[in-house]
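Have a look at the structure below, then the notes.
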Amino acid sequence: SMSHFLELQEFFVEGKDHKKSHVLLHIAEPVSLKEKERGYFFVVAEVNNGYEEQIEYLQQIIDDIENEYYAEEDDPQSLEDILQSVNRRAHHILSNKKTSIACVVGTVNENVLTLAYHGKPQALLFYQSKNTLASTTIIDQPSTGNQLFSELIEGNINGGDYVVISSPQLMKFFSRDRMRKLLGSRRIEESAAHIQKVLHDLKEEISFGGLIIHLSDSQNKPKAGKRPKSKERGSAESLERLMHAERSTQETLSPPVFSHLLDGLKSKISKKEAASSPKKSGSRKHKKYHVEPNRRQSDRPQ
């Protein structure tokens, strides 16, 4: 069986006009054994022409979803179940017609990526094809209407794949082809730092946020110079932890590239029987970015 590990790296640039564009970027990394069975949880959201209570409420909803997703239960709820209950109490977040929200809530667990979204955030998959990277759009239809999360997408990512999830404006300033070349030639923390610098140098009014997910393929030997030994950078490295995932032969043979998208199907999540494991204390590592000049950053109570 092949051994893979999962890497996540974020980029974030604060724009000059907080009213026009407010980005929330949130990544939770599992620590306890129970949490590791659930994988990583992340959110990328942009609120345009929002107001403070609305943004605070969206942040509260995100914290609630995360806490429910990682609840230390023998049979934890699927993301789908959690979001259905959130939808029932989140209507008023969409009630202001002047405001638009683009939001992705997702999990990545071993080689399974699950995304729920509203509006039209960017989500691209880059995959190995004939010795280069090809790409496909994961989110191709905007999701509107009075439900905060009405679309749910799930698919396998394979060794060597990259997924880039970002606030909606990224591709206007950083083309898919440029992204492809960047990902194909650097480690993801270098790619993320480069994207962040390019966006920062634009000095735009809007904010940007996003993340790069990479499932390494241990069989692909790195090209010479492609993966230099990284210098210790302390907290900047804190998300670059390796998460090992053994893949069975069956998984290896499973269809690549979010096959249900190509069929136009929206797949439902099957509840996986979570093997029970001893509870272990420890709090998840967080990276949260708020563009909220007048509010102190509050972290989830431990």
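Index from 1, following the sequence.
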Scanning both residues in full, the closest heavy-atom pair of Y70 with A28 reads OH-O, 3.5 Å

In this structure, CG of L124 is separated from CD1 of I139 (nearest 0.5 Å) by 9.0 Å

Q. Is the number of heavy atoms from other residues, nucleotides or ligands under 6.0 Å of H91 NE2 greater than 12?
A. yes

Checklist entry - Do Y127 and L133 have side-chain heavy atoms sitting under 4.5 Å apart? => result no

CD1 of I153 to CD of E151, rounded to nearest 0.5 Å, is 7.0 Å

With no hydrogens and no angle check, do the side chains of Q122 and S167 hold a donor and an acceptor under 3.5 Å apart?
no

>> Determine whether a donor-acceptor pair (N or O, by modelled atom type, separation under 3.5 Å) exists between the side chain of E68 and the backbone of I65.
In response: no

Please examine the side chains of D161 and F126, heavy atoms only from C-beta on, and report whether any two atoms are closer than 4.5 Å. no

Q.
Looking at Y69 and R38, would you say the former's side chain and the latter's main chain have a donor-acceptor pair under 3.5 Å?
A. yes

Is there side-chain contact between Y117 and C103, with heavy atoms separated by less than 4.5 Å?
no

Minimal heavy-atom distance between R186 and S191, with the atoms involved, is CB-OG, 3.7 Å

**Asked** Out of curiosity, does L182 fall in the hydrophobic cluster containing L202 (side-chain heavy atoms, cut-off under 4.5 Å, transitive links)?
**Response** yes

Practice prompt. Please check if the side chain of N67 supplies one atom and the backbone of D63 the other of a donor-acceptor pair under 3.5 Å.
Written response: yes

Note: N96 and Y51 closest approach over all heavy atoms is ND2-CE2, 3.4 Å

Subject >> Between T137 and R176, a side-chain donor and acceptor under 3.5 Å >> reply: yes

task: Measure the shortest side-chain to side-chain distance between F173 and I206 over non-hydrogen atoms and say whether it is less than 4.5 angstrom.
output: yes

Exercise. Carefully, step by step, assess I165 and F42 under the rule side chain to side chain contact (heavy atoms under 4.5 Å, CB included).
Key: CA-CA 10 Å; I165 296 168; F42 57 85; 3.6 Å; yes

Quiz question: by atom type and distance under 3.5 Å, do the side chains of E66 and H26 form a donor-acceptor pair? yes

Quiz item: Would H200 and F208 satisfy ring-ring contact (aromatic ring centres under 6.0 Å, His included), going step by step from the backbone distance to the final call?
Solution: CA-CA 9 Å; H200 177 266; F208 300 92; over 10 Å; no

* Can we say E72 and K34 salt-bridge, meaning some charged N sits less than 4.0 Å from an Asp/Glu carboxylate O? -> no

task: Report yes if the side chains of F41 and N109 come closer than 4.5 Å at any heavy-atom pair, otherwise no.
output: no

CD1 of I195 to CG of L211, rounded to nearest 0.5 Å, is 10.5 Å

Does any part of the side chain of I212, heavy atoms only, come nearer than 4.5 Å to the side chain of L183, both counted from C-beta?
yes

Quick one, T132 and R180 - any side-chain contact, counting heavy atoms below 4.5 Å? yes

Separation between CG (D201) and NZ (K203), nearest 0.5 Å, reads 5.5 Å

Modelled atom types, side-chain donor and acceptor of T114 and E154, under 3.5 Å = yes

* To do: Please check if the side chain of S207 supplies one atom and the backbone of G15 the other of a donor-acceptor pair under 3.5 Å.
  => yes

Derivation and outcome, side chain to side chain contact (heavy atoms under 4.5 Å, CB included), residues V112 and V108 = CA-CA 6 Å; V112 179; V108 56; over 6 Å; no

Rounded to the nearest 0.5 angstrom, the CG-CG distance for L79 and L152 is 6.5 Å

If you define the side chain from C-beta out and look only at heavy atoms, does anything of E46 sit under 4.5 Å from L24?
no

What one should report as the nearest heavy-atom pair of E10 and Q196 is O-OE1, 4.3 Å

_Between N49 and T99, a side-chain donor and acceptor under 3.5 Å_ = no

Between D177 and K181 the two heavy atoms that sit nearest each other are OD2-NZ, 2.8 Å

Taking every heavy atom of A90 against every heavy atom of L148, the minimum-distance pair comes out as CB-CD2, 4.0 Å

(message) Walk me through whether I93 and Q54 qualify under side chain to side chain contact (heavy atoms under 4.5 Å, CB included).
(response) CA-CA 6 Å; I93 211 164; Q54 183 184 35; 4.0 Å; yes

Side chain to side chain contact (heavy atoms under 4.5 Å, CB included) test vs Y162 passes for just one of I213, I188, L215, namely I188

Determine whether the aromatic ring centres of residues F11 and H194 are separated by less than 6.0 angstrom. no

Determine, stepwise, if the pair L125 / L113 fulfils side chain to side chain contact (heavy atoms under 4.5 Å, CB included). CA-CA 11 Å; L125 173 69; L113 177 70; over 6 Å; no

Side-chain (Q60) to main-chain (E56) donor-acceptor, under 3.5 angstrom
no

message = Donor-acceptor pair, distance only, cut-off 3.5 Å: does the side chain of D17 make one with the backbone of K20?
response = yes

Notebook entry, point to check: Is a donor on one side and an acceptor on the other found under 3.5 Å between the side chain of S150 and the backbone of Q147?
Noted result: no

The reported gap from CD in Q169 to OG in S21 (rounded to nearest 0.5 angstrom) is 7.0 Å

